[in-house]
Amino acid sequence: DEFFVAFDLPGVAPDAIDIDVERNVLTVKAERRPLDLPNGAAAHLTERPYGVFSRQLFLGDALDTDKIQASYDNGVLVLRIPVAEQAKPRKVQVAVEDSRKAINA
């Protein structure tokens, strides 16, 4: 019923994440900013690059992009994209007609 996407974004503040959907292209853009160090402190080694980066996903027509939900916890962005109702499997009811009515008419 849902399509899940998880992005590992360690060190990215939630307000530095931008999610856009245009047609069936989902774009996640984020900015990793340098750490705020106390006055006089200097970083001698950093393992995470800083700057802006983005990822794009091409979504199928079966997904309902109007109802995307995003949550961010402990550096992991999770997107939940529901499958569109018209794309879900469904049963088709068979109508039963009384063939005797057609003959007598």
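Sequence positions, counted from 1, serve as the residue numbers for this chain.
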* To do: For E31, enumerate each residue passing the side chain to side chain donor-acceptor pair (under 3.5 Å) test, keeping only those at least two apart in sequence or located in another chain.
  => none
* Asked: Measuring from N24:CG to T65:OG1, what's the distance to the nearest 0.5 Å?
  -> 6.0 Å
* Cluster overlap V52 with I17, hydrophobic side-chain contacts below 4.5 Å -> no
* Minimum heavy-atom distance F4-R80, with the two atoms named -> CE2-CG, 3.3 Å
* To do: Output all residues satisfying side chain to side chain donor-acceptor pair (under 3.5 Å) with Q93, sequence neighbours left out; order by chain, then residue number.
  => none
* Point-to-point distance, once rounded to the nearest 0.5 Å, from CG of L26 to CG of L79 -> 6.0 Å
* Asked: Which pair of heavy atoms, one from L9 and one from Y72, lies closest together, and at what distance?
  -> O-OH, 2.9 Å
* Test side chain to side chain contact (heavy atoms under 4.5 Å, CB included) applied to V83 and L63, step by step -> CA-CA 4 Å; V83 173; L63 299 176; 4.2 Å; yes
* **Sole residue of I19, V5, V21 in side-chain contact (heavy atoms from CB on, under 4.5 Å) with I68** => V21
* Structure fact -> All heavy atoms of A70 vs all of L77, minimum pair found to be CB-CD1, 4.3 Å
* Structure fact -> For T27, the side chain to side chain donor-acceptor pair (under 3.5 Å) test, sequence neighbours excluded, returns Q56
* Asked: Which atom names give the shortest non-hydrogen contact between R33 and A16, and what distance separates them?
  -> NH2-CB, 3.6 Å
* Asked: Looking only at heavy atoms, what is the nearest atom pair of A30 and V12, with distance?
  -> CB-CG1, 4.0 Å
* In terms of hydrophobic clusters joined by side-chain contacts under 4.5 Å, are L57 and F53 together? -> yes
* Structure fact -> Correct closest heavy-atom pair for P10 and R32 would be O-NE, 2.8 Å
* Separation of K67 NZ from I81 CD1 (nearest 0.5 Å) -> 13.5 Å
